[in-house]
Amino acid sequence: MALQNRHLLGLEGVSKEEIKLILDTATTFREVLERPIKKVPTLQGKTIVNLFFESSTRTRISFELAERRLSADVVNFSADMSSLKKGETLKDTARNIEAMKIDMVVMRHASPGAALFLSRVIDSVIINAGDGGHEHPTQALLDLYSIQEKHKRIDGLKICIVGDISHSRVALSNIYGLKTMGAEVAVCGPATLIPSEIEKHGIGIFNKIDDAIAWADVLNVLRIQLERQDRSYFPSLREYRKYFAVTKERIERAEKQITIMHPGPINRDVELSADVADGKHSIILQQVLNGVAVRMAVLYLLGTRS
Amino acid sequence: MKYLFKNTIIIDPANLIEEPVDVLIVDGRIEKIRQSLSASKNDQEIDLRGNIIAPGFIDMHVHLREPGFEYKETIESGSMAAAAGGFTTVCCMPNTNPVIDDDSMVRWIIEKGKSVNQGIVDIYPIATITKSRQGKELSPMMELADAGAVAFSDDGSSVDNAEVLRRAMEYSAMINKPIIQHAEEPNLAKGGVMNEGFVSTSLGMPPIPSISETVVLARDLLIANYTKGKYHAAHISTRISVELIRDAKKRGTSASCEVTPHHFTLTDEAVRSFDTNTKMNPPLRAYDDLISLKEGLRDGIIDVIATDHAPHSFDEKQVEYLFAPFGIVGLETAIGLAITELVQTGYLSLNQLVEKLSVNPRKILNLPQVTIREGEKANLTILNPELRWIVEIEKFKSRSVNTPFNGRKLIGRAIGIFNNGQLLLND
């Protein structure tokens, strides 16, 4: 069994068997990460370029660690969007880097479809590390892995994604991945941050956080992007916190077992209260650890695919 | 020079002739329309069996990009693309650099149009509504009209200020020239790159809601009704827009509108390809919008088919979707798409198609009607409505090839045009 596509551009259209393969492979790398020496020679001699056109400490470090622990040669390229827009095109940048003989590119970019575009203009294997509001497949895979690790299954679980769904690649990749794996999915947030016709994906919508908590086995709480306020998506952070934050009181009131996830970075006491983020329901740090294992799995499966 | 077109069907809404006839053209005028004309020895005889001739088509919404953006298109290359697509006349939009907002610019475009390709395609400039397309002060409309501007438009941007639009409508009504509005509410559309709906949600694309078009159109139609000005809505794209125009016409408002071939052919599903040639403004809409546009054409609510021919260089479109410029070329695919999507499917007769591509735009622009009668100047589009062909960008005459229709199988194609005493046949 191998992955169908030589790139990982998104989870839309990726089969259940392929996702299982990635998660199973990640389990073996999770075990590697527990060893005193956390390195295997799997990708020795392969060169991977991390092309980050948006700042992202977390994802970039996670990928870089995964690459180095597989013994790949790693090159980092970071540039902010404004310089890209003014100067060289993405196509030229990527072709110039590729001319130096590389094998894989991990890219974070602000435009939906940027990873697909890259796969059309260069020959290297492409891993999408986030393309605008479109997909962030490795984040969704690590979320799936973490849910499975905690609950021993994904099929039939109820997962609610909370927050800014409209601008979230994490939400969209999670929806694609979770639906494929047989979970029930809902989203919760202010109506202004729920994108048009998302219910056509076969998911529920909550506008009240208490209803979402009552329904869900797992809450995946997204970061509220503070810069969104200039377009009147919601009145204030204070109001957001009051009506949509996941807090200890709300969880205790529900009197149930619930798992709390967050892709990070957290705005403490905005979308998630500090006591929940650090509390017994939270698997947020496991997500971070699993992120390295899952990315190792993806890099391994794509890097050694014939 | 004499030309004898043999065995052609004439489709002219003003002069219906059912049987194939021969048409003799002498020195650019139609001398005779009869059955079985015979050629004298110096006549150029062309057998048009299976083809039709129609009053020359006019595309009232074209971006020729000159001056300022000659790497995308020039008046010369745009004129060749028009001729290849079966258009004898195009109206060019003023969002050039510099913009067409003074009379010397209007004259320059007209002169240039006459000097390229032996002037076979008539080029009529559209001047701006406001100075520098800023939406603030009116352009010198009377002077622009005297120089030859046929209409006014800030196309690419909406005239956002309702009072400016009101004054523009009142002022232009004095000279009976239409105001062509690109209807778009800038705040609602801000940052968007495609239609808002299930597809934009599934692709994570910043959306352009249909209301960004309709709220401005609804307002404008009320202003048009109030001022008695002449209003033409460019490239309408939504179901509600068709309804708004229908209702305004019922109310007696002097309003007309156009639709592009891409809006009655494709929906936002096409954006799933992430092909930047599916990015245009207004964006490709939903399926029920597309059906309403076809029905609007059929029911006479939509007056005109116009291409919004918007050339962009290959490299400009070879970028991430978010950064790609809006717009596609349309001159060389318009007839094929219109016949395939509208005539073959029974929405329009060929006669109605000629109304949308020749009669109605001239009526809106107050241009003399073109008819095919003895004694008239010959201004003709020659087309084969049954010809099956495949769009190949390699064969485009346009300097740009930004189209989502490359490789598409179409039915119906322009064979050539005759205008200003000259015949141009496609290969």
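All values below come from the heavy atoms of this structure, side chains included, with hydrogens, waters and symmetry mates left out. Residue numbering restarts at 1 for every chain, and letters A, B, ... go by the order of the sequence lines.
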Trainee: Is the ring centre of His134(A) less than 6.0 Å from the ring centre of Tyr321(B)?
Mentor: no

Trainee: Shortest non-hydrogen contact from Gly204(B) to Pro112(A)?
Mentor: O-CG, 3.3 Å

Trainee: Working to the nearest 0.5 Å, report the span between OG of Ser119(A) and CZ of Phe274(B).
Mentor: 11.0 Å

Trainee: How long is the straight-line distance from CG of Asp131(A) back to CD of Glu320(B), given to the nearest 0.5 Å?
Mentor: 11.0 Å

Trainee: Take atom CZ in Arg272(B); do more than 12 heavy atoms of anything else shown fall under 6.0 Å from it?
Mentor: yes

Trainee: So do Gln318(B) and Val121(A) actually touch side chain to side chain, heavy atoms under 4.5 Å?
Mentor: yes

Trainee: Supply the atom-to-atom distance Phe323(B) CZ to Leu90(A) CG, rounded to the nearest 0.5 angstrom.
Mentor: 8.5 Å

Trainee: Is atom NZ of Lys179(A) surrounded by more than 12 heavy atoms (other residues, nucleotides or ligands) closer than 6.0 Å?
Mentor: yes

Trainee: Rounded to the nearest 0.5 Å, how far does CG of Leu322(B) lie from CZ of Phe117(A)?
Mentor: 12.5 Å

Trainee: Other residues, nucleotides and ligands only: do more than 12 of their heavy atoms fall within 6.0 Å of OH on Tyr71(B)?
Mentor: yes

Trainee: Looking at NE2 of His201(A) and OG of Ser202(B), how far apart are the two atoms once the value is rounded to the nearest 0.5 Å?
Mentor: 3.0 Å

Trainee: Just so I know, are the side chains of Thr201(B) and Ser196(A) near enough to count as touching, which here means a heavy-atom distance under 4.5 Å?
Mentor: yes

Trainee: If you count heavy-atom pairs under 4.5 Å with chain B, which of Glu12(A), Arg169(A), Arg120(A), Glu199(A) comes out on top?
Mentor: Arg120(A)

Trainee: With a 4.5 angstrom heavy-atom cut-off, which part of Leu172(A) approaches chain B: side chain, backbone, both or neither?
Mentor: side chain

Trainee: So which part of Lys200(A) gets closer than 4.5 Å to some heavy atom of chain B, the side chain, the backbone, both or neither?
Mentor: both

Trainee: Would you mind checking which part of Glu135(A) comes under 4.5 Å of any heavy atom in chain B, side chain (CB onward), backbone (N, CA, C, O), both or neither?
Mentor: neither

Trainee: State the OG-CE distance between Ser111(A) and Met205(B), to the nearest 0.5 angstrom.
Mentor: 6.5 Å

